[in-house]
Amino acid sequence: MAEATIHFPKGFLWGCATAAHQVEGNNTNNNWYYWEEQGRTRHKAGLACDWWGGRWREDMDRAAETGQNTHRLSIEWSRIQPTPDRWDEDALERYRAMLRGMNERGITPLVTLHHFSDPLWLFEQDSWENETVVPLFEKYVRKAVEALKEYTNLWCTINEPNVYALNGYVAGDFPTGKSGHKGMNLAMRVLVNMLRAHAAAYKAIHEIQREARVGYALHYRPMVAARSWMPLDALMRNIQYKGINMAFPTALRTGVMQSPLGNVRVPEVKGLQDYLGLNYYSVDTVKFDLFNPKELFARRYYPAHADLSATKFIANIPEGLFDSLQWAVKTYPDLPIIITENGVEDPDDRIRPRYLAQHIQQVWRAVNFNWPVKGYYHWSLIDNFEWERGWTQRFGLWGLDVETQARIRRPSVDLYAEICRENGLSSEMVRKYAPEVLEKMFPG
Ligand code: IFM
(Lines give C-alpha, C1' and ligand atoms only; values in the text may rest on other atoms or scores of the structure.)
Protein backbone atom coordinates (compact mmCIF):
# COMPACT_ATOMS: atom_id res chain seq x y z
CA MET A 1 0.00 0.00 0.00
CA ALA A 2 1.40 3.41 -0.98
CA GLU A 3 1.14 6.48 1.25
CA ALA A 4 0.05 9.29 -1.05
CA THR A 5 -2.07 12.39 -1.46
CA ILE A 6 -3.66 13.26 -4.76
CA HIS A 7 -4.35 16.94 -5.42
CA PHE A 8 -6.70 18.98 -7.59
CA PRO A 9 -6.02 22.23 -9.46
CA LYS A 10 -6.25 25.49 -7.52
CA GLY A 11 -9.77 26.93 -7.57
CA PHE A 12 -11.46 23.56 -8.03
CA LEU A 13 -15.15 23.79 -7.10
CA TRP A 14 -16.17 21.54 -4.21
CA GLY A 15 -19.78 21.50 -3.14
CA CYS A 16 -23.12 19.76 -2.99
CA ALA A 17 -26.26 19.95 -5.10
CA THR A 18 -29.92 20.30 -4.09
CA ALA A 19 -33.18 21.18 -5.88
CA ALA A 20 -35.98 23.51 -4.86
CA HIS A 21 -38.87 21.08 -4.57
CA GLN A 22 -36.68 18.56 -2.81
CA VAL A 23 -35.51 20.87 -0.01
CA GLU A 24 -37.71 23.96 0.24
CA GLY A 25 -40.96 22.56 1.61
CA ASN A 26 -44.49 23.93 1.25
CA ASN A 27 -44.28 24.10 -2.51
CA THR A 28 -47.98 23.90 -3.24
CA ASN A 29 -48.24 25.45 -6.67
CA ASN A 30 -46.41 23.03 -8.93
CA ASN A 31 -46.92 19.76 -10.82
CA TRP A 32 -45.21 17.71 -8.11
CA TYR A 33 -47.56 18.99 -5.43
CA TYR A 34 -50.43 17.88 -7.67
CA TRP A 35 -48.73 14.50 -8.21
CA GLU A 36 -48.28 14.02 -4.48
CA GLU A 37 -51.91 14.99 -3.79
CA GLN A 38 -52.97 12.40 -6.37
CA GLY A 39 -51.15 9.75 -4.32
CA ARG A 40 -48.66 9.09 -7.09
CA THR A 41 -45.61 9.34 -4.80
CA ARG A 42 -44.57 7.16 -1.86
CA HIS A 43 -44.78 10.14 0.50
CA LYS A 44 -45.35 13.87 0.30
CA ALA A 45 -42.61 16.47 0.30
CA GLY A 46 -44.35 18.43 3.06
CA LEU A 47 -41.90 20.68 4.80
CA ALA A 48 -38.99 18.90 3.02
CA CYS A 49 -35.82 20.39 4.61
CA ASP A 50 -37.65 23.63 5.39
CA TRP A 51 -35.35 25.85 3.35
CA TRP A 52 -38.28 28.11 2.53
CA GLY A 53 -38.79 28.49 6.26
CA GLY A 54 -35.17 29.64 6.58
CA ARG A 55 -33.25 26.46 7.42
CA TRP A 56 -31.07 26.99 4.35
CA ARG A 57 -29.04 29.22 6.67
CA GLU A 58 -28.03 26.46 9.06
CA ASP A 59 -27.40 24.10 6.14
CA MET A 60 -25.19 26.64 4.39
CA ASP A 61 -23.34 27.09 7.70
CA ARG A 62 -22.75 23.34 7.60
CA ALA A 63 -21.53 23.48 4.01
CA ALA A 64 -19.18 26.38 4.70
CA GLU A 65 -17.85 24.97 7.97
CA THR A 66 -16.98 21.74 6.22
CA GLY A 67 -14.86 23.44 3.55
CA GLN A 68 -17.29 23.57 0.62
CA ASN A 69 -16.79 26.58 -1.65
CA THR A 70 -19.84 26.24 -3.91
CA HIS A 71 -23.43 25.04 -3.84
CA ARG A 72 -25.75 24.06 -6.67
CA LEU A 73 -29.37 24.94 -5.86
CA SER A 74 -32.45 25.41 -8.00
CA ILE A 75 -35.08 28.11 -7.91
CA GLU A 76 -38.77 27.39 -8.18
CA TRP A 77 -40.56 28.85 -11.21
CA SER A 78 -43.97 28.44 -9.54
CA ARG A 79 -42.93 30.67 -6.66
CA ILE A 80 -41.44 33.39 -8.85
CA GLN A 81 -44.36 33.39 -11.30
CA PRO A 82 -47.32 31.98 -9.38
CA THR A 83 -49.74 32.85 -12.19
CA PRO A 84 -48.93 33.74 -15.81
CA ASP A 85 -49.59 37.42 -15.16
CA ARG A 86 -47.90 37.85 -11.78
CA TRP A 87 -44.32 37.99 -10.50
CA ASP A 88 -43.81 37.42 -6.81
CA GLU A 89 -41.21 39.98 -5.74
CA ASP A 90 -41.12 38.56 -2.20
CA ALA A 91 -40.12 35.16 -3.55
CA LEU A 92 -37.36 36.76 -5.61
CA GLU A 93 -36.23 38.66 -2.53
CA ARG A 94 -35.99 35.38 -0.59
CA TYR A 95 -33.84 33.87 -3.31
CA ARG A 96 -31.70 36.99 -3.30
CA ALA A 97 -31.24 36.56 0.45
CA MET A 98 -30.30 32.90 -0.06
CA LEU A 99 -27.67 33.67 -2.68
CA ARG A 100 -26.35 36.61 -0.68
CA GLY A 101 -26.13 34.29 2.32
CA MET A 102 -24.09 31.86 0.28
CA ASN A 103 -21.75 34.61 -0.91
CA GLU A 104 -21.29 35.79 2.68
CA ARG A 105 -20.21 32.29 3.63
CA GLY A 106 -17.69 32.08 0.76
CA ILE A 107 -19.95 29.80 -1.26
CA THR A 108 -20.38 30.38 -5.00
CA PRO A 109 -23.91 29.53 -6.09
CA LEU A 110 -24.60 27.56 -9.26
CA VAL A 111 -28.26 28.29 -9.98
CA THR A 112 -30.45 25.80 -11.82
CA LEU A 113 -33.48 27.43 -13.39
CA HIS A 114 -35.58 24.31 -13.95
CA HIS A 115 -35.25 21.11 -11.94
CA PHE A 116 -38.26 18.88 -12.72
CA SER A 117 -40.98 21.12 -11.23
CA ASP A 118 -43.39 23.20 -13.34
CA PRO A 119 -45.87 25.82 -12.18
CA LEU A 120 -49.41 24.41 -12.01
CA TRP A 121 -50.60 26.94 -14.59
CA LEU A 122 -48.01 25.58 -17.03
CA PHE A 123 -48.92 21.99 -16.14
CA GLU A 124 -52.52 22.83 -17.01
CA GLN A 125 -51.30 23.90 -20.46
CA ASP A 126 -49.49 20.53 -20.92
CA SER A 127 -46.15 21.73 -19.54
CA TRP A 128 -43.39 21.26 -22.13
CA GLU A 129 -45.46 19.55 -24.82
CA ASN A 130 -46.26 22.78 -26.65
CA GLU A 131 -43.78 25.14 -28.24
CA THR A 132 -45.45 28.01 -26.38
CA VAL A 133 -43.35 27.02 -23.37
CA VAL A 134 -40.21 28.40 -25.03
CA PRO A 135 -41.01 32.14 -24.76
CA LEU A 136 -42.63 31.54 -21.36
CA PHE A 137 -39.45 29.95 -20.02
CA GLU A 138 -37.34 32.72 -21.51
CA LYS A 139 -39.48 35.36 -19.81
CA TYR A 140 -39.13 33.64 -16.44
CA VAL A 141 -35.38 33.21 -16.92
CA ARG A 142 -34.96 36.89 -17.76
CA LYS A 143 -36.83 37.90 -14.63
CA ALA A 144 -34.89 35.52 -12.39
CA VAL A 145 -31.46 36.29 -13.80
CA GLU A 146 -32.04 40.06 -13.63
CA ALA A 147 -32.93 39.64 -9.96
CA LEU A 148 -30.07 37.32 -9.02
CA LYS A 149 -27.18 38.28 -11.26
CA GLU A 150 -25.52 40.30 -8.52
CA TYR A 151 -24.68 37.08 -6.68
CA THR A 152 -23.53 34.62 -9.32
CA ASN A 153 -22.60 34.15 -12.95
CA LEU A 154 -22.93 30.37 -12.96
CA TRP A 155 -26.21 29.10 -14.42
CA CYS A 156 -27.73 25.76 -15.32
CA THR A 157 -30.79 26.12 -17.53
CA ILE A 158 -32.45 22.71 -17.21
CA ASN A 159 -31.66 19.73 -15.04
CA GLU A 160 -31.70 16.28 -16.67
CA PRO A 161 -34.04 16.98 -19.58
CA ASN A 162 -33.75 13.31 -20.56
CA VAL A 163 -34.98 12.13 -17.14
CA TYR A 164 -37.84 14.66 -17.16
CA ALA A 165 -39.01 13.52 -20.61
CA LEU A 166 -38.51 9.77 -20.19
CA ASN A 167 -39.92 9.50 -16.66
CA GLY A 168 -42.83 11.82 -17.41
CA TYR A 169 -43.85 10.36 -20.78
CA VAL A 170 -42.38 6.87 -21.23
CA ALA A 171 -42.00 5.29 -17.78
CA GLY A 172 -44.93 7.31 -16.43
CA ASP A 173 -43.40 7.76 -12.94
CA PHE A 174 -43.22 11.55 -13.08
CA PRO A 175 -46.05 13.93 -13.93
CA THR A 176 -47.65 13.78 -16.51
CA GLY A 177 -47.57 10.01 -16.08
CA LYS A 178 -48.19 9.41 -19.77
CA SER A 179 -46.61 6.36 -21.40
CA GLY A 180 -46.84 4.04 -24.38
CA HIS A 181 -46.39 4.96 -28.03
CA LYS A 182 -48.19 8.29 -27.68
CA GLY A 183 -45.96 9.07 -24.71
CA MET A 184 -42.82 8.41 -26.77
CA ASN A 185 -43.88 10.95 -29.36
CA LEU A 186 -44.65 13.48 -26.66
CA ALA A 187 -41.30 12.84 -24.97
CA MET A 188 -39.58 13.78 -28.23
CA ARG A 189 -41.63 16.97 -28.45
CA VAL A 190 -40.76 17.80 -24.87
CA LEU A 191 -37.05 17.34 -25.57
CA VAL A 192 -37.19 19.53 -28.66
CA ASN A 193 -38.98 22.25 -26.68
CA MET A 194 -36.47 21.93 -23.86
CA LEU A 195 -33.64 22.32 -26.38
CA ARG A 196 -35.24 25.44 -27.82
CA ALA A 197 -35.88 26.79 -24.34
CA HIS A 198 -32.27 26.11 -23.37
CA ALA A 199 -31.10 28.05 -26.43
CA ALA A 200 -33.43 30.96 -25.71
CA ALA A 201 -32.35 31.03 -22.06
CA TYR A 202 -28.67 30.79 -22.99
CA LYS A 203 -28.94 33.84 -25.25
CA ALA A 204 -31.05 35.80 -22.77
CA ILE A 205 -28.69 35.16 -19.88
CA HIS A 206 -25.68 36.27 -21.93
CA GLU A 207 -27.55 39.40 -22.98
CA ILE A 208 -28.18 40.25 -19.32
CA GLN A 209 -24.80 39.18 -17.99
CA ARG A 210 -21.82 39.18 -20.33
CA GLU A 211 -19.60 37.09 -18.07
CA ALA A 212 -22.24 34.42 -17.46
CA ARG A 213 -21.33 30.76 -17.77
CA VAL A 214 -24.35 28.81 -18.89
CA GLY A 215 -24.89 25.08 -19.29
CA TYR A 216 -27.42 22.38 -18.54
CA ALA A 217 -27.09 19.17 -16.50
CA LEU A 218 -27.13 15.89 -18.39
CA HIS A 219 -27.96 12.65 -16.62
CA TYR A 220 -25.44 10.42 -18.38
CA ARG A 221 -25.74 6.62 -18.11
CA PRO A 222 -22.83 4.59 -19.47
CA MET A 223 -24.05 1.17 -20.60
CA VAL A 224 -22.46 -2.19 -21.36
CA ALA A 225 -23.89 -5.15 -23.24
CA ALA A 226 -24.56 -8.11 -20.91
CA ARG A 227 -23.01 -10.78 -23.15
CA SER A 228 -20.17 -9.80 -25.47
CA TRP A 229 -20.94 -12.70 -27.84
CA MET A 230 -24.61 -11.80 -28.24
CA PRO A 231 -25.28 -9.30 -31.08
CA LEU A 232 -28.80 -8.63 -29.80
CA ASP A 233 -27.42 -7.41 -26.46
CA ALA A 234 -25.10 -5.02 -28.31
CA LEU A 235 -27.98 -3.80 -30.45
CA MET A 236 -30.22 -3.22 -27.40
CA ARG A 237 -27.38 -1.50 -25.59
CA ASN A 238 -26.91 0.90 -28.49
CA ILE A 239 -30.61 1.66 -28.81
CA GLN A 240 -31.00 2.29 -25.08
CA TYR A 241 -27.77 4.28 -24.84
CA LYS A 242 -28.74 6.60 -27.67
CA GLY A 243 -32.36 6.89 -26.58
CA ILE A 244 -31.52 7.74 -23.00
CA ASN A 245 -28.36 9.80 -23.34
CA MET A 246 -27.94 11.38 -26.71
CA ALA A 247 -30.79 13.79 -27.51
CA PHE A 248 -29.28 16.88 -25.88
CA PRO A 249 -25.55 16.21 -26.43
CA THR A 250 -25.94 15.52 -30.14
CA ALA A 251 -28.20 18.49 -30.71
CA LEU A 252 -25.79 20.82 -28.95
CA ARG A 253 -22.91 19.48 -30.99
CA THR A 254 -24.54 19.24 -34.42
CA GLY A 255 -27.84 21.13 -34.37
CA VAL A 256 -29.76 17.90 -35.00
CA MET A 257 -31.59 16.03 -32.24
CA GLN A 258 -31.36 12.29 -32.81
CA SER A 259 -34.12 10.12 -31.48
CA PRO A 260 -35.35 6.56 -31.99
CA LEU A 261 -38.37 8.10 -33.72
CA GLY A 262 -36.37 10.18 -36.17
CA ASN A 263 -34.12 13.23 -36.29
CA VAL A 264 -35.24 16.80 -35.67
CA ARG A 265 -33.31 19.86 -36.83
CA VAL A 266 -32.69 22.38 -34.06
CA PRO A 267 -29.91 24.50 -35.58
CA GLU A 268 -30.44 27.33 -33.09
CA VAL A 269 -28.99 25.27 -30.22
CA LYS A 270 -25.71 24.25 -31.82
CA GLY A 271 -22.75 25.24 -29.67
CA LEU A 272 -24.78 27.02 -26.99
CA GLN A 273 -23.14 25.84 -23.78
CA ASP A 274 -20.23 27.24 -21.83
CA TYR A 275 -19.66 24.04 -19.86
CA LEU A 276 -21.08 20.55 -19.79
CA GLY A 277 -22.88 19.67 -16.56
CA LEU A 278 -22.57 15.94 -15.99
CA ASN A 279 -24.70 14.00 -13.51
CA TYR A 280 -23.19 10.55 -13.03
CA TYR A 281 -24.45 7.84 -10.69
CA SER A 282 -23.87 4.38 -12.16
CA VAL A 283 -23.47 2.08 -15.20
CA ASP A 284 -26.25 -0.10 -16.63
CA THR A 285 -25.83 -3.58 -18.03
CA VAL A 286 -28.20 -4.15 -20.95
CA LYS A 287 -29.61 -7.48 -22.11
CA PHE A 288 -31.99 -8.42 -24.90
CA ASP A 289 -35.28 -9.57 -23.34
CA LEU A 290 -38.02 -10.86 -25.58
CA PHE A 291 -40.48 -10.74 -22.68
CA ASN A 292 -40.04 -7.06 -21.90
CA PRO A 293 -41.75 -5.18 -24.76
CA LYS A 294 -42.44 -2.24 -22.38
CA GLU A 295 -38.75 -1.36 -22.41
CA LEU A 296 -38.37 -2.07 -26.12
CA PHE A 297 -37.20 -5.66 -25.54
CA ALA A 298 -34.31 -4.74 -23.31
CA ARG A 299 -33.61 -5.04 -19.59
CA ARG A 300 -31.26 -2.73 -17.74
CA TYR A 301 -29.80 -4.01 -14.49
CA TYR A 302 -26.70 -4.25 -12.30
CA PRO A 303 -24.54 -7.38 -12.28
CA ALA A 304 -25.01 -9.85 -9.42
CA HIS A 305 -21.64 -9.03 -7.80
CA ALA A 306 -22.24 -5.24 -7.83
CA ASP A 307 -21.61 -3.06 -4.77
CA LEU A 308 -25.21 -1.91 -4.30
CA SER A 309 -26.83 0.94 -2.39
CA ALA A 310 -29.47 0.43 0.30
CA THR A 311 -32.47 0.02 -2.03
CA LYS A 312 -30.31 -1.32 -4.90
CA PHE A 313 -30.97 1.86 -6.87
CA ILE A 314 -27.29 2.59 -7.45
CA ALA A 315 -24.25 0.37 -8.00
CA ASN A 316 -20.87 1.74 -6.98
CA ILE A 317 -18.99 1.69 -10.30
CA PRO A 318 -16.43 4.51 -10.03
CA GLU A 319 -14.69 3.73 -13.35
CA GLY A 320 -17.97 4.70 -15.00
CA LEU A 321 -17.36 8.29 -13.94
CA PHE A 322 -13.95 8.26 -15.64
CA ASP A 323 -15.54 6.78 -18.78
CA SER A 324 -18.24 9.45 -18.69
CA LEU A 325 -15.62 12.18 -18.47
CA GLN A 326 -13.72 10.60 -21.34
CA TRP A 327 -16.91 10.55 -23.42
CA ALA A 328 -17.47 14.22 -22.55
CA VAL A 329 -13.97 15.26 -23.58
CA LYS A 330 -14.17 13.35 -26.85
CA THR A 331 -17.56 14.82 -27.64
CA TYR A 332 -16.67 18.40 -26.77
CA PRO A 333 -12.89 18.84 -26.77
CA ASP A 334 -12.01 21.99 -24.78
CA LEU A 335 -15.43 22.50 -23.18
CA PRO A 336 -15.11 22.78 -19.39
CA ILE A 337 -16.89 19.99 -17.52
CA ILE A 338 -18.57 20.30 -14.15
CA ILE A 339 -19.76 17.19 -12.34
CA THR A 340 -23.12 18.66 -11.36
CA GLU A 341 -24.27 15.54 -9.43
CA ASN A 342 -22.79 12.33 -8.09
CA GLY A 343 -23.86 10.43 -5.00
CA VAL A 344 -25.54 7.41 -3.48
CA GLU A 345 -28.57 6.67 -1.32
CA ASP A 346 -27.39 5.18 1.95
CA PRO A 347 -29.12 5.84 5.29
CA ASP A 348 -26.41 4.09 7.32
CA ASP A 349 -23.40 5.57 5.52
CA ARG A 350 -22.26 2.02 4.83
CA ILE A 351 -21.25 2.48 1.20
CA ARG A 352 -21.08 6.31 0.85
CA PRO A 353 -17.51 6.83 2.16
CA ARG A 354 -16.04 4.40 -0.37
CA TYR A 355 -18.36 5.62 -3.14
CA LEU A 356 -17.22 9.18 -2.47
CA ALA A 357 -13.50 8.40 -2.22
CA GLN A 358 -13.44 6.13 -5.24
CA HIS A 359 -15.38 8.54 -7.46
CA ILE A 360 -13.19 11.45 -6.49
CA GLN A 361 -10.13 9.39 -7.35
CA GLN A 362 -11.61 8.89 -10.84
CA VAL A 363 -12.12 12.65 -11.20
CA TRP A 364 -8.46 13.09 -10.29
CA ARG A 365 -7.44 10.57 -12.98
CA ALA A 366 -9.31 12.69 -15.50
CA VAL A 367 -7.72 15.91 -14.24
CA ASN A 368 -4.32 14.28 -14.67
CA PHE A 369 -4.97 13.89 -18.37
CA ASN A 370 -5.53 17.65 -18.38
CA TRP A 371 -9.19 17.17 -19.11
CA PRO A 372 -10.91 20.40 -18.12
CA VAL A 373 -12.91 19.19 -15.12
CA LYS A 374 -13.65 22.26 -13.03
CA GLY A 375 -15.75 21.06 -10.12
CA TYR A 376 -17.59 18.33 -8.26
CA TYR A 377 -21.04 18.60 -6.64
CA HIS A 378 -22.06 15.77 -4.35
CA TRP A 379 -25.72 14.80 -4.36
CA SER A 380 -26.66 15.76 -1.76
CA LEU A 381 -25.92 17.99 1.22
CA ILE A 382 -28.81 16.64 3.23
CA ASP A 383 -31.45 13.91 2.80
CA ASN A 384 -34.24 15.35 0.69
CA PHE A 385 -37.50 14.45 -1.01
CA GLU A 386 -36.66 11.88 -3.69
CA TRP A 387 -39.55 12.46 -6.14
CA GLU A 388 -41.83 9.44 -6.74
CA ARG A 389 -39.79 7.43 -4.22
CA GLY A 390 -40.56 9.96 -1.49
CA TRP A 391 -38.41 9.63 1.62
CA THR A 392 -37.34 6.05 0.93
CA GLN A 393 -33.89 7.04 -0.33
CA ARG A 394 -31.37 9.00 1.71
CA PHE A 395 -28.80 10.80 -0.39
CA GLY A 396 -27.51 13.30 2.18
CA LEU A 397 -24.11 13.73 3.69
CA TRP A 398 -26.30 14.82 6.59
CA GLY A 399 -29.34 12.73 7.44
CA LEU A 400 -32.70 14.35 8.07
CA ASP A 401 -35.32 13.41 10.63
CA VAL A 402 -38.37 14.46 8.63
CA GLU A 403 -40.56 14.72 11.73
CA THR A 404 -38.30 16.94 13.83
CA GLN A 405 -36.13 18.55 11.13
CA ALA A 406 -33.06 17.42 13.06
CA ARG A 407 -29.90 17.02 10.99
CA ILE A 408 -27.80 13.92 11.59
CA ARG A 409 -24.10 14.13 10.81
CA ARG A 410 -22.94 11.05 8.92
CA PRO A 411 -19.23 10.10 8.84
CA SER A 412 -19.11 11.04 5.14
CA VAL A 413 -19.47 14.68 6.20
CA ASP A 414 -16.01 14.53 7.73
CA LEU A 415 -14.48 12.66 4.83
CA TYR A 416 -15.84 15.21 2.34
CA ALA A 417 -14.70 18.06 4.61
CA GLU A 418 -11.16 16.70 4.61
CA ILE A 419 -11.24 16.38 0.81
CA CYS A 420 -12.55 19.93 0.32
CA ARG A 421 -10.04 21.46 2.75
CA GLU A 422 -7.09 19.54 1.32
CA ASN A 423 -8.28 20.11 -2.26
CA GLY A 424 -7.30 16.49 -2.57
CA LEU A 425 -7.61 13.00 -1.21
CA SER A 426 -5.04 11.03 0.78
CA SER A 427 -4.44 7.39 1.58
CA GLU A 428 -4.72 8.48 5.21
CA MET A 429 -8.30 9.68 4.65
CA VAL A 430 -9.22 6.44 2.92
CA ARG A 431 -7.66 4.42 5.75
CA LYS A 432 -9.78 6.37 8.22
CA TYR A 433 -13.15 6.36 6.41
CA ALA A 434 -13.13 3.52 3.87
CA PRO A 435 -10.32 1.10 4.83
CA GLU A 436 -11.93 -1.69 2.81
CA VAL A 437 -10.87 -0.01 -0.46
CA LEU A 438 -7.47 1.32 0.67
CA GLU A 439 -5.35 -1.35 -1.05
CA LYS A 440 -7.40 -1.07 -4.23
CA MET A 441 -7.10 2.71 -4.35
CA PHE A 442 -3.48 3.10 -3.27
CA PRO A 443 -1.73 -0.16 -4.23
CA GLY A 444 1.98 -0.62 -4.04
O1 IFM B 1 -32.64 13.44 -6.56
C2 IFM B 1 -32.28 13.30 -7.90
C3 IFM B 1 -32.12 14.66 -8.55
O4 IFM B 1 -33.26 15.43 -8.43
C5 IFM B 1 -31.81 14.50 -10.02
N6 IFM B 1 -30.70 13.60 -10.22
C7 IFM B 1 -30.72 12.32 -9.54
C8 IFM B 1 -30.98 12.55 -8.05
C9 IFM B 1 -30.97 11.20 -7.30
O10 IFM B 1 -31.93 10.32 -7.80
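Note that ligands are numbered from 1 as they come in the structure, with each ligand's atoms numbered from 1 the same way. This chain uses plain numbering: 1 for the first residue, then up along the sequence.
Sorted by chain and number, the heavy-atom contacts of ligand 1 below 4.0 Å come from Q22, H115, F116, N159, E160, Y281, F313, E341, W379, E386, W387, R389, F395.
Here R394 does not pair with D346 in a salt bridge; the nearest charged N to carboxylate O distance is not below 4.0 Å.
Legend: residues meeting side chain to side chain donor-acceptor pair (under 3.5 Å) with K242, ordered by chain and number and at least two apart, are absent. E131 pairs by the side-chain contact (heavy atoms from CB on, under 4.5 Å) definition with V134, N193, R196, not counting sequence neighbours. For N30, the side-chain contact (heavy atoms from CB on, under 4.5 Å) criterion is met by H21, N27, W32, Y33, E76, S78, S117, not counting sequence neighbours.
Annotation: cation-pi pair R221/Y281 absent, no NZ/CZ under 6.0 Å from the ring centroid and within 45° of its normal. A cation-pi arrangement is present between R79 and W52 under the rule of less than 6.0 angstrom and at most 45 degrees off the ring axis.
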